[in-house]
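Note on naming: letters A, B, ... go to the chains in the order of the sequence lines (proteins, then strands), and numbering restarts at 1 for each one. Not measured: the values here are computed from a predicted model.
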Amino acid sequence: MFVDAPAQVAAKLLDWYDVHARALPWRAPPGTARTEPYRVWLSEIMLQQTTVAAVRGYFAKFTERWPTVDTLANADDADVMAAWAGLGYYARARNLIACARAVARDHGGSFPDSEAGLRTLPGIGDYSAAAIAAIAFGRRAVVIDANVERVTSRLFAFADPLPAARPRLRALVDTITPNDRAGDFAQAMMDLGSGICTPRNPQCLICPLRDPCKARVAGNPETYPVKAAKKPKPQRKGTAFWIEHEGDVLLVRRPDKGMLGGMRALPTGPWSDEDPALTDAPVDADWREAGSVTHVFTHFALDLRVVVTKLSARPDISGEWWPIPSVDTAGLPTLFARAAARAIAGSK
DNA sequence: CAGCCGTGGTA
DNA sequence: TTACCAAGGCT
């Protein structure tokens, strides 16, 4: 058998998938009816740069509360943003709302069934359009995510550094993508990348592609994919202001663009390499230190100093006064949830 | 094209 | 503990 023939790769992988496919809430088992496009779409957006474990609870919550794309399209923005709180990359939530409304308004409540049609919707890029077209609509599409890049670069011992070499890697993925079951093939590649062809210590002994894999033969699968070096993360500092009045705390809504865009938050000063100053506070007050929280984002690390004050008169500041005992229901992103916990602990 | 954009798990 | 990294998209 010519195990390195492209068709053989797909056949081996699909045979493995028929037995070992992960059972996931948004996935139909191999050989059964396809999952509804709404659920495929919702899961694909949530899974962008996000682990299966993190998505499970959010997917259950969203599908229970908004079971169809129309119900989501009619939801209040603030409710959706609050429900997304903690999952990260909040532009996804803003695009989720915009996409649901575009589907409801421009497509009669049904998702486009082609890759090109899906690609026009907000929040759906090359990967998601291909994945939804293949998984939800049975289209033949070349689906490329980080798992596919890793598995394919190892399979072909493709050593050109990414992301510059993406077009050539895509051509290789194209050669092994089957005409039938492209959706199962994509999901099989992801399962393989998640459980066997892992970034470190890949389990080549039990891999269904161990025979055709050139990197395994060479003995260096963990060196793929080759990537350009990363830049160091700058350290920034800032201050969060916990302002109490009669058992309420002041929350603000952050601008739609930028960090934690559109999310509820504590008022803050600027985040920079300068030492934070109390003069950035939205009100003049007697501030007390409540400690600090450190948080690591994708491209910088933040040391957020938390200061608290209790005002006897309600200041004239725009924002929401939220009952402190239920501040955990405000939908704060993790940074501010931790800052709030620090403020409450530090003000006792 | 490269920078921006969260969070939590893993070794 | 530090560093890497995950079902990427937008500008």
Q | Separation of atom CD in A:Gln49 from atom C1' in B:dG9, rounded to whole Å | A | 14 Å
Q.
Classify A:Pro122 by what it touches in the nucleic acid, base, sugar-phosphate, or nothing, heavy-atom distance under 4.0 Å.
A. sugar-phosphate
Just distance, no hydrogens or angles: give the donor-acceptor pairs under 3.5 Å from side chains in residues 48-57 of chain A, sequence neighbours left out.
from: A:Gln48; atom 1: NE2; to: A:Gly123; atom 2: O; distance (Å): 3.3
from: A:Gln48; atom 1: NE2; to: A:Ser128; atom 2: OG; distance (Å): 3.0
from: A:Thr50; atom 1: OG1; to: A:Met46; atom 2: O; distance (Å): 3.4
from: A:Thr50; atom 1: OG1; to: A:Gln48; atom 2: O; distance (Å): 2.8
from: A:Thr50; atom 1: OG1; to: A:Arg92; atom 2: NH1; distance (Å): 3.1
from: A:Thr50; atom 1: OG1; to: A:Arg92; atom 2: NH2; distance (Å): 3.3
from: A:Thr51; atom 1: OG1; to: A:Ala54; atom 2: N; distance (Å): 3.3

Q.
Regarding A:Val52, tell me which of base, sugar-phosphate or nothing describes its non-hydrogen contacts under 4.0 Å with the strands shown.
A. nothing
Q: Could you work out the separation of C:dA7 and B:dA2 based on their P atoms and round it to a whole Å?
A: 23 Å
Q) When you compare C:dA6 with B:dG6, how far apart are their C1' atoms, in angstrom units rounded to a whole number? A) 12 Å
Q | Between A:His299 and A:Phe297, ring centroids under 6.0 Å | A | no
Q: Identify whether any heavy atom of A:Leu87 sits under 4.0 Å from a base atom; if not, whether one sits that close to sugar-phosphate; answer base, sugar-phosphate or nothing.
A: base
Q.
Categorize A:Ala146 for me: base, sugar-phosphate, or nothing, with a 4.0 angstrom heavy-atom threshold over every strand shown.
A. sugar-phosphate
**Q.** Lys/Arg N to Asp/Glu carboxylate O, A:Arg139 vs A:Asp113, below 4.0 Å
**A.** yes
Q) Just how far, in rounded Å, is P of B:dC1 from CG of A:Leu162? A) 12 Å
Q.
Is the positively charged end of A:Arg305 above the ring of A:Trp287, judged by distance under 6.0 angstrom from the centroid and angle within 45° of the axis?
A. no
Q) If each of A:Arg150 and A:Leu121 is mapped to the nucleotide of DNA chain C with the nearest heavy atom, which maps nearer the 5' terminus, i.e. the 5' end? A) A:Arg150
Q: Pick base, sugar-phosphate or nothing for A:Met259, based on heavy-atom distances below 4.0 Å to the nucleic acid.
A: sugar-phosphate
Q: Could you check A:Arg200 against A:Phe297 and say which one's nearest nucleotide on DNA chain B is further toward the 5' end?
A: A:Phe297
Q: Please examine the side chains of A:Arg65 and A:Asp79, heavy atoms only from C-beta on, and report whether any two atoms are closer than 4.5 Å.
A: yes
Q.
Taking A:Arg181 first and then A:Asp18, would you say they form a salt bridge - that is, a charged N and a carboxylate O separated by under 4.0 Å?
A. yes
Q: Tell whether A:Thr51 reaches the base of B:dG9 with its side chain through a donor-acceptor pair below 3.5 angstrom.
A: no
**Q.** B:dT7 OP1/OP2 closer than 4.0 Å to side-chain N/O of A:His295
**A.** yes
Q) In terms of the nearest nucleotide of DNA chain C, which residue is placed more toward the 5' end: A:Arg119 or A:Asp145? A) A:Asp145
Q: Could you pick out which residue, A:Lys257 or A:Ala53, lies toward the 5' side of DNA chain B when each is mapped onto its nearest nucleotide?
A: A:Lys257
Q: Rounded off to whole Å, could you give me the NZ-to-C1' distance for the A:Lys230 and B:dC5 pair?
A: 14 Å
Q. Can you find a donor-acceptor pair, distance only, under 3.5 Å between A:Thr50 side chain and B:dG8 base?
A. no
Q | Atom pair distance, as rounded to whole Å: CZ in A:Arg338 and C1' in B:dG8 | A | 11 Å
Q) Can you check the A:Trp84 CH2 to B:dT7 P distance for me, whole Å? A) 13 Å
(Q) Applying a 4.0 Å non-hydrogen cut-off, can you work out what A:Leu24 is touching in the nucleic acid: base, sugar-phosphate, or nothing? (A) base
Q) Expressed in angstrom and rounded to an integer, what is the separation of A:Lys231 atom NZ from B:dA2 atom P? A) 9 Å
Q | Heavy-atom closest contact (A:Ala83 atom, A:Lys61 atom, distance) | A | O-NZ, 3.0 Å
Q) Does A:His299 put a side-chain nitrogen or oxygen below 4.0 Å from OP1 or OP2 of B:dC5? A) yes
Q | C1'-based separation of B:dT7 from C:dT11 [nearest Å] | A | 23 Å
Q: Provide, to the nearest angstrom, the distance between the CG atom belonging to A:Leu302 and the C1' atom belonging to B:dC4.
A: 16 Å
Q. Can we say A:Arg264 and A:Glu320 salt-bridge, meaning some charged N sits less than 4.0 Å from an Asp/Glu carboxylate O?
A. yes
Q | Test: A:Arg140 and A:Asp174 ion pair at under 4.0 Å | A | yes
Q) Checking all strands, does A:Gly258 fall into the base, sugar-phosphate, or nothing category for heavy-atom contacts under 4.0 angstrom? A) sugar-phosphate
Q.
Under 4.0 Å from a heavy atom of chain A: give me the 5'-most and 3'-most nucleotides of DNA chain C that qualify.
A. C:dC5 to C:dC10
Q. What integer distance in Å separates A:Arg166:CZ from B:dC1:P?
A. 9 Å
